Amino acid sequence: MPVSPAAATAGAGRFAPSPTGDLHVGNLRTAILAWLFARATGRRFLLRVEDLDPERSTTGTGQLRDLTAVGLSWDAVPVRQSERTGLYLAAVDRLAEAGMVYECFCTRSEIADAPRAPHAPPGAYPGTCRDLGDTARAQRRRQRPAALRLRSGVEAYTVTDLLHGEFTGPVDDLVLLRNDGVPPYNLAVVVDDAAQGIDQVVRGGDLLTSAPRQAYLASLLGLPPVQYAHVPLVLNPAGRRLAKRDGAITLGALESTGAGPDQVRDLILASLGLPPGPLEEALPEFSLERLPAEPWVFAAPPGEPLSLR
Ligand code: GLU
């Protein structure tokens, strides 16, 4: 399998949380998996704080503390996206020079209400502003600031994933710069993965559908492709993604029910078919073949109500 020490490269894996709340066991499990995949292939392991959302982002200090508490270590000072706007703008400039960027003035509701082709994927941008004439553009500029969109040359793109094989997903004219000047996730993730030397992306399965547009964007920017592994999510007993209402699912809340970080780590390792103990000891046992393909169902223990530290 591709994740063996023999396949060691000078590349890096990463975990890239958005610091919008405490990490829950699902996030911690994905982080541990990203670490295991990176270490098992001789890669460095890096952390990136995806704090571009100015309204929802915190410092991420609590997340880093929790990652350390379950035994993760990383090889460089974590990168913060809010400090790297210049890199993202430079990437947009390069695409603009190639004629692949246009101004978009649509509101959310205009996009939702716009007529679209019957086969268009749900949520895809309908192309309203793609071919605005100079007069219409000048008029719309007076009404509201423009977002910048990619003039995509494809409708779909294929990526290869270690767990899912070949995956083809839609690519629309995605936003490259929001109209409040904030760079969006899809652009930042591509720019940063390349800038940090990351060539292995292990993350939750919910992001598999984002991979085609990110890989396409990387190809347009001349950036090297990455190896993807989109890992199963952790679900609640009702089969839905873990959420705050599920009770004790964060490290802090679990601690108040009597389960310390080492026990949470061991629980996560057990869910992966791995022995308890420090992550370094689980590493030799880790292999792609043994990774459970099914989501892990996590029932929060009863106890103290969720504490929002
Ligand atoms: N920041 C994203 C999240 O927390 C993950 C991005 C990624 O791994 O590509 O959902």
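Counting convention: from 1, in listed order, for ligands and their atoms alike. Any value given below was found using the heavy atoms of this structure, including those in side chains, with hydrogens, waters and symmetry copies removed. All values reported here derive from a predicted model rather than from experimental measurement.
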Distance only, no hydrogens: is a donor on one side chain within 3.5 Å (strictly under) of an acceptor on the other, for [X] and [Y]?
X: Gln196; Y: Arg14; answer: no
X: Gln214; Y: Tyr157; answer: no
X: Arg203; Y: Thr30; answer: no

Quiz item: Can we call the ring centroids of Phe37 and Phe286 under 6.0 Å apart?
Solution: yes
Which of the atoms of ligand 1 are close to [X], meaning less than 4.0 Å from one of its heavy atoms?
X: Arg14; result: 7 (C), 8 (O), 9 (O)
X: Tyr185; result: 6 (C), 7 (C), 9 (O)
X: Val189; result: 9 (O)
X: Ser18; result: 1 (N), 2 (C), 3 (C), 4 (O)
X: Leu207; result: 5 (C), 6 (C), 7 (C)

Quiz item: Is any N or O atom of Arg48, backbone or side chain, closer than 3.5 Å to an N or O atom of ligand 1?
Solution: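 Min N/O separation from ligand 1 is not below 3.5 Å for Arg48.
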Practice problem: Flag Ala16 as yes when one of its N or O atoms lies below 3.5 Å from any N or O atom of ligand 1, and as no otherwise. | Solution: yes
Practice problem: Might you confirm whether atom CG of Asp180 has over 12 heavy atoms from other residues, nucleotides or ligands at distances under 6.0 Å? | Solution: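 Correct, the count exceeds 12.
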Exercise. Answer yes or no: are there more than 12 heavy-atom neighbours, outside Glu285 itself, under 6.0 Å from its atom CD?
Key: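 Yes, because the 6.0 Å sphere around CD of Glu285 holds more than 12 heavy atoms from other groups.
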Self-check item: Top protein contact for atom 1 (N) of ligand 1, by heavy-atom distance
Solution: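 Protein heavy atom with the smallest distance to atom 1 (N) of ligand 1: Glu50 OE1, 2.6 Å.
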